[in-house]
Amino acid sequence: MSLSTVIVNARKAHTASVIFIHGLGDSGYGWKPVAEMLSPSLPHVKFVLPNAPEQPVTLNGGFRMPSWYDIKSLNKIANDEDESGMNASMIKINQVIRAELDRGIPAERIVLGGFSQGGAMTLYTGLQTEYRLGGLVVLSGYLPLRERLLSRATDVSKRIPIFQGHGQIDEVVLYQYGQMTQEALKKSGYNVEFNSYDYMGHSSCNEEIDDLKDFLEKAIPENSPASA
């Protein structure tokens, strides 16, 4: 079954797309206000905000909630991760990407991003992609499966610029996980723009959204040869 999505349509001719993956327990509607905030500066961009399916989450006592994969612990992020769940979600996220390609949007005009668990899925999907996407955005996220994922990374993925944002007082996905993610990606040859925010916890802030806007304006500009 394909994912349901929340859409913020382009204000002008649609020549680029941002697919943004929400975090654990959230939905696409949780990031709709941010998409609407960015839209006036990126009038050519359609924002596609997929909704995760509900499934039991071990971290929350097995209760069912929107989740891209099972999380057993935040203290041992690199251990015993739900690889099969990530693979299932990657297939569905790739279907969303292909839907934009089928609408005539070139791969290099598509940015994939996400927050927290959605940021982890962005890296899991983006590092294994066959497409030269316009960019990857990882907000308060981390690199899942670490060495295993990096060993599977495609050559084309290393040409995709990465925007990473993380709060220094993040109490859920610790700041050190963001730093470790940046270091591992750079060591593997990725171009990472790492942005840290002094007083931000596990959330976003206006400064981060402004930095993200700047990144998107460079990655998928309104006037470019691809959209001419």
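In this text, all values refer to a predicted model and were calculated from it rather than measured experimentally.
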task: Over 60° means perpendicular and under 30° means parallel, so classify the ring planes of Phe163 and Phe215, tilted if in between.
output: tilted
- prompt: Are side-chain heavy atoms of Leu185 and Asn191 found at a separation under 4.5 Å?
  reply: no
query: Which pair of heavy atoms, one from Ala35 and one from Val8, lies closest together, and at what distance?
result: CB-CG2, 3.9 Å
query: What distance do Lys92 atom NZ and Ile97 atom CD1 have between them, rounded to the nearest 0.5 Å?
result: 15.0 Å
query: From Thr129 OG1 over to Leu112 CG, what is the distance, rounded to the nearest 0.5 angstrom?
result: 8.5 Å
- prompt: With distance as the sole test, does His166 use its side chain to make a donor-acceptor pair with the main-chain N or O of Val173 at under 3.5 Å?
  reply: yes
task: Take Thr154 and Leu127 through the test side chain to side chain contact (heavy atoms under 4.5 Å, CB included) and record every step on the way to the result.
output: CA-CA 6 Å; Thr154 60; Leu127 267 58; over 6 Å; no
task: Considering non-hydrogen atoms only, spot the tightest contact between Pro50 and Leu3 and give its length.
output: CB-CD1, 3.9 Å
- line: Output for pair (Leu24 CG, Trp68 CH2), nearest 0.5 Å, gives 11.5 Å
- prompt: Rounded to the nearest 0.5 Å, how far apart are OH of Tyr142 and OG of Ser116?
  reply: 7.0 Å
- request: Verify the neighbour count for atom CG of Asp102: are there more than 12 heavy atoms of other residues, nucleotides or ligands below 6.0 Å?
  value: yes
message: Quick one about His22 and Ser27 (side-chain donor to acceptor, distance below 3.5 Å, no hydrogens or angles considered), yes or no?
response: no
query: With no hydrogens and no angle check, is any side-chain donor or acceptor of Lys213 less than 3.5 Å from a backbone partner on Leu42?
result: no
task: Might you point out which heavy atoms bring Gly28 and Leu49 nearest each other, and give the distance in Å?
output: O-CD1, 3.3 Å
- prompt: Are the side chain of Gln55 and the backbone of Ser67 linked by a donor-acceptor contact shorter than 3.5 Å?
  reply: yes
task: Determine the minimum heavy-atom distance between Asn51 and Thr5, stating which atoms define it.
output: ND2-N, 4.0 Å
query: Is the NZ atom of Lys158 crowded by more than 12 outside heavy atoms at less than 6.0 Å?
result: yes
query: Can you tell if the side chain of Asp214 reaches within under 4.5 Å of the side chain of Leu212, non-hydrogen atoms only?
result: no
message: Are Met65 and Tyr69 linked, directly or through intermediate hydrophobic residues, by side-chain heavy-atom contacts shorter than 4.5 Å (ILVMFWY only)?
response: yes
query: side chain to side chain contact (heavy atoms under 4.5 Å, CB included) between Gln128 and Leu149: does it pass, once the steps are laid out?
result: CA-CA 8 Å; Gln128 299 183 80; Leu149 177 54; 3.5 Å; yes
- prompt: Any side-chain heavy-atom pair from Leu133 and Val111 closer than 4.5 angstrom?
  reply: no
message: Side chains of Arg109 and Ser17 only: does a donor on one sit below 3.5 Å from an acceptor on the other?
response: no
- prompt: Charged N to carboxylate O under 4.0 angstrom, Lys72 versus Glu81?
  reply: no
task: Please check if any side-chain donor atom of Tyr177 sits under 3.5 Å from a side-chain acceptor atom of Asp170, or the reverse.
output: no
message: My understanding is that only one of Glu208, His202, Glu207 makes a side-chain hydrogen bond (donor to acceptor under 3.5 Å, both in side chains) with Ser204; could you say which?
response: Glu208
query: Quick one: are Gln164 and Thr181 in side-chain contact, heavy atoms under 4.5 Å?
result: yes
field: Beyond-backbone contact of Phe47 with Phe20, side-chain heavy atoms, under 4.5 angstrom
entry: no
task: Please confirm whether the backbone N or O of Met86 pairs with a side-chain atom of Ser89, one donor and one acceptor, at under 3.5 Å?
output: no
query: Under 3.5 Å, side chain of Thr122 to main-chain N/O of Gly118, donor-acceptor pair present?
result: yes
field: Euclidean distance, Leu143 CG relative to Glu183 CD, rounded to 0.5 Å
entry: 11.5 Å
query: If two hydrophobic side chains count as joined below 4.5 Å and joins carry through other members, does Val137 share a cluster with Val156?
result: no
query: Does the Arg64 side chain pair with the main chain of Glu54, one donor and one acceptor, at a distance under 3.5 Å?
result: yes
- prompt: Any side-chain heavy atom of Ile160 sitting closer than 4.5 Å to one from Tyr190?
  reply: no
query: Is there side-chain contact between Pro161 and Lys218, with at least one heavy-atom pair below 4.5 Å?
result: no
message: Taking Gln168's backbone N and O only, do any of them form a donor-acceptor pair with Ser196's side chain (distance below 3.5 Å, no angle check)?
response: no
query: Distance-only, no hydrogens or angles: does the Asp70 side chain make a donor-acceptor pair with backbone N or O of Thr58 under 3.5 Å?
result: yes
query: So, the side chain of Thr125 versus the backbone of Met90: is there a donor-acceptor pair under 3.5 Å, distance only?
result: no
query: Got a donor-acceptor contact below 3.5 angstrom from the Arg132 side chain to the Ser157 backbone?
result: no
From OG (Ser84) to CG (Asp82), nearest 0.5 Å: 4.5 Å
- prompt: Tyr175 and Gly167: which non-hydrogen atoms are nearest, and at how many Å?
  reply: CD1-O, 3.5 Å
Contact check, side chains of Tyr124 and Asn87, non-hydrogen atoms, under 4.5 Å: yes
query: Considering all heavy atoms of both residues, which atom of Asn9 and which atom of Ser39 are nearest to each other, and what is their separation?
result: O-OG, 4.3 Å
